[in-house]
Amino acid sequence: MRTGKVKFFNESKGYGFITDDETGKDIFVHATGIKAEELREGDSVSYEEEEGRKGKVAAQVVVIEG
């Protein structure tokens, strides 16, 4: 599992980006890949990286408490 911070998430459109803690690169996240109830800007998350139609996407996204 990778970790990162939510850079941006638009709930009404159902997508956003996570900045990876290790690489500093942004990865796309779609609402279908989220296991949390909601994502907010600045949330720390863990996720798996998968290959999507247009490149890497975050999946199995879970908010890290604490």
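The figures that follow rest on heavy atoms only: side chains count, while hydrogens, waters and symmetry mates do not. Nothing here was measured: the structure is a model prediction, and the numbers come from that model.
- With sequence neighbours excluded, no residue forms a ring-ring contact (aromatic ring centres under 6.0 Å, His included) with F9.
- Considering only heavy atoms from C-beta on, Y47 stays 4.5 Å or farther from T3 through its side chain.
- Salt bridge present: K56 and E51 bring a charged side-chain N and a carboxylate O closer than 4.0 Å.
- Checked against I18 for a side-chain contact (heavy atoms from CB on, under 4.5 Å), the options D43, V45, V57 give a single hit: V45.
- Taken from CD in E48 to CD in Q60, the straight-line distance is 5.5 Å, to the nearest 0.5 Å.
- Applying the 6.0 Å contact sphere to CD of E22 captures no more than 12 heavy atoms from other residues, nucleotides or ligands.
- T19 and K5 share no side-chain donor-acceptor pair at under 3.5 Å.
- Below 30°, between 30° and 60°, or above 60°: for Y15 and F17 the angle between ring planes is above 60°, a perpendicular geometry.
- Atom CD of E11 and atom CZ of R40 lie 9.0 Å apart (nearest 0.5 Å).
- Taking D20 as the reference, R2 meet the salt bridge (Lys or Arg N to Asp or Glu O under 4.0 Å) condition, with sequence neighbours excluded.
- The hydrophobic clustering, which links ILVMFWY residues whose side-chain heavy atoms are closer than 4.5 Å, places L39 and V62 apart.
- Contact record, K7 with D26: NZ-OD2, 2.7 Å, taken as the closest heavy-atom pair.
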